[in-house]
Amino acid sequence: MILVSSYLCILFIAKEVSAFAPLKTSTSGSTTSLDAGAAVYYSTSTGNTETVAGYISKAAGVESFYIEDANDGDLESYDSLIVGAPTWHTGADEQRSGTAWDDFLYDKLPSLELDGKKVAVFGVGDQESYGDNFCDAAGELFDLFEAKGCKMFGFTSTDGYSHSDSKALRDGKFCGLMCDEDNQYDLSEGRAMAWIDQLKKEGFF
């Protein structure tokens, strides 16, 4: 009888302790993301595009990856893709980013099956020093992913920018989110958050 009472007492204490134990949470992107079918892919030269990719990834609750680390089929596994690049080769018709995107877009992208994928583009540039070619590489991303049959999302207004020209313009709007970490770094995070809210409303996620 004493043994039974002792056992019941221990069992009761164990239940009480477990009731106050912290819940285990997963840190994997698949369980914390807004949509496990979305991801951010980007390249960077100076780190500015990586900073903006971080703002976007955080706002959307999805993981971000360097495009140079993408294996064959990685992009095909997602329903929605957010892709971004800086512009380095100003004035160029092709390979404008000066990053791993230049090879990916012309060597790997043509063989991928992306028809019907949802794609949103972002770019990072310098309006003051390269105002005639602001975020040109974003326009290249847009054109080539659209040519693969992707559905393009996330057009934004040019209000608040001071560039002269850009190959990222489509019918008077930017073909995605454009940021300037050199001259408007204090606006980037807010722009990223507003853009993600816009993409949600457009049904991107």
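Below, each value reflects all heavy atoms present in this structure, side chains not excepted, and no hydrogens, waters or symmetry copies.
Nearest heavy-atom pair, Trp101 versus Gly84, reported as atom, atom and distance to 0.1 Å: NE1-O, 2.8 Å. Nearest heavy atoms, Ile67 versus Ala100: CG2-CB, 4.0 Å. In terms of heavy atoms, Ala53 sits closest to Val40 at CB-CG1, 4.3 Å. Listed here is the closest heavy atom pair of Gln95 and His89: O-ND1, 2.7 Å. What you find for Asn71 and Asp74 is that their closest heavy atoms are N-OD2, 2.8 Å. Of all the heavy atoms in Ser97 and Ser43, the pair that sits closest is OG-OG, 4.5 Å.
Phe122 has its side chain within reach of Thr49: a pair of non-hydrogen atoms, C-beta onward, lies under 4.5 Å apart. Under the 4.5 Å side-chain criterion, counting only non-hydrogen atoms from C-beta, Phe205 is in contact with Leu199. Using a 4.5 Å heavy-atom threshold, the side chains of Trp195 and Gln198 count as touching. The shortest side-chain heavy-atom distance between Arg191 and Gln184 falls under the 4.5 Å cut-off. Looking at heavy atoms from C-beta onward, Ile82 lies in side-chain contact with Ile196 at the 4.5 angstrom threshold. Looking only at side-chain heavy atoms (C-beta outward), Lys58 and Glu189 come within less than 4.5 Å of each other. Glu128 is listed as a side-chain neighbour of Ser162, based on a closest heavy-atom distance under 4.5 Å. Residues Tyr66 and Glu50 form a side-chain contact, since some pair of their non-hydrogen atoms from C-beta on lies under 4.5 Å apart.
The main-chain N or O of Ala137 is never found under 3.5 Å from a side-chain atom of Lys167 such that the two would form a donor-acceptor pair. Checked by atom type and distance alone, the side chain of Lys118 pairs as donor or acceptor with a backbone atom of Gly203 at under 3.5 Å. Within the 3.5 Å criterion, the main-chain N or O of Thr44 finds no donor-acceptor partner in the side chain of Thr99.
Under the 4.0 Å criterion applied to side-chain N and carboxylate O atoms, Asp79 and Lys151 are not assigned as salt-bridge partners.
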Evaluation steps, side chain to side chain contact (heavy atoms under 4.5 Å, CB included), between Glu94 and Glu140:
CA-CA 7 Å; Glu94 295 182 351; Glu140 185 176 18; 4.0 Å; yes
CA sep, side-chain torsions, deciding dist, call: Asp136, Ser166, side chain to side chain contact (heavy atoms under 4.5 Å, CB included)
CA-CA 6 Å; Asp136 280 359; Ser166 172; 4.1 Å; yes
Apply side chain to side chain contact (heavy atoms under 4.5 Å, CB included) to the pair Leu75 and Tyr41, showing each step before the final yes or no.
CA-CA 9 Å; Leu75 274 68; Tyr41 279 93; 3.8 Å; yes
Check against side chain to side chain contact (heavy atoms under 4.5 Å, CB included), Leu114 and Leu109:
CA-CA 9 Å; Leu114 300 177; Leu109 183 63; 3.5 Å; yes
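A single hydrophobic cluster is not seen to contain both Met178 and Tyr185; linkage of ILVMFWY side chains at heavy-atom distances under 4.5 Å, directly or through other members, places them apart. Residues Trp88 and Phe104 fall into different hydrophobic clusters, defined by Ile, Leu, Val, Met, Phe, Trp and Tyr side chains chained together at heavy-atom separations under 4.5 Å. Taken together through direct or relayed side-chain contacts under 4.5 Å among Ile, Leu, Val, Met, Phe, Trp and Tyr, Leu144 and Leu141 form part of one hydrophobic cluster. Note on Leu105: it clusters hydrophobically with Phe65, by side-chain heavy-atom contacts below 4.5 Å among ILVMFWY residues. With hydrophobic clusters built from ILVMFWY side chains whose heavy atoms lie under 4.5 angstrom apart, Phe134 does not share a cluster with Val124.
The SG atom of Cys179 lies 13.0 Å from the CG atom of Asp126; values are rounded to the nearest 0.5 Å. Rounded to the nearest 0.5 angstrom, Asp159 CG and Lys173 NZ are separated by 10.0 Å. Rounding to the nearest 0.5 angstrom, the gap separating the CZ atom in Phe142 from the CG atom in Leu169 is 11.5 Å. Taking CZ of Phe145 as the reference point, atom CE of Met152 lies at 7.5 Å (rounded to 0.5 Å). With rounding to the nearest 0.5 Å, the separation of NZ in Lys117 from OG in Ser80 is 8.5 Å.
Using cut-offs of 30° and 60° on the angle between ring planes, the pair Phe153 and Phe204 is perpendicular.
Taking the centre of each ring, Phe155 and Phe174 stay at or above the 6.0 Å mark.
Counting only N and O atoms by type, the side chains of Asp180 and Gln127 include a donor and acceptor under 3.5 Å apart. For the residue pair Glu181 / Ser188, a side-chain donor-acceptor distance below 3.5 Å is found, with atom types taken as modelled.
The environment of CD in Glu68 is crowded: more than 12 heavy-atom neighbours from other residues, nucleotides or ligands sit within 6.0 Å. In the displayed structure, Tyr55 atom OH is contacted under 6.0 Å by more than 12 heavy atoms of other residues, nucleotides or ligands.
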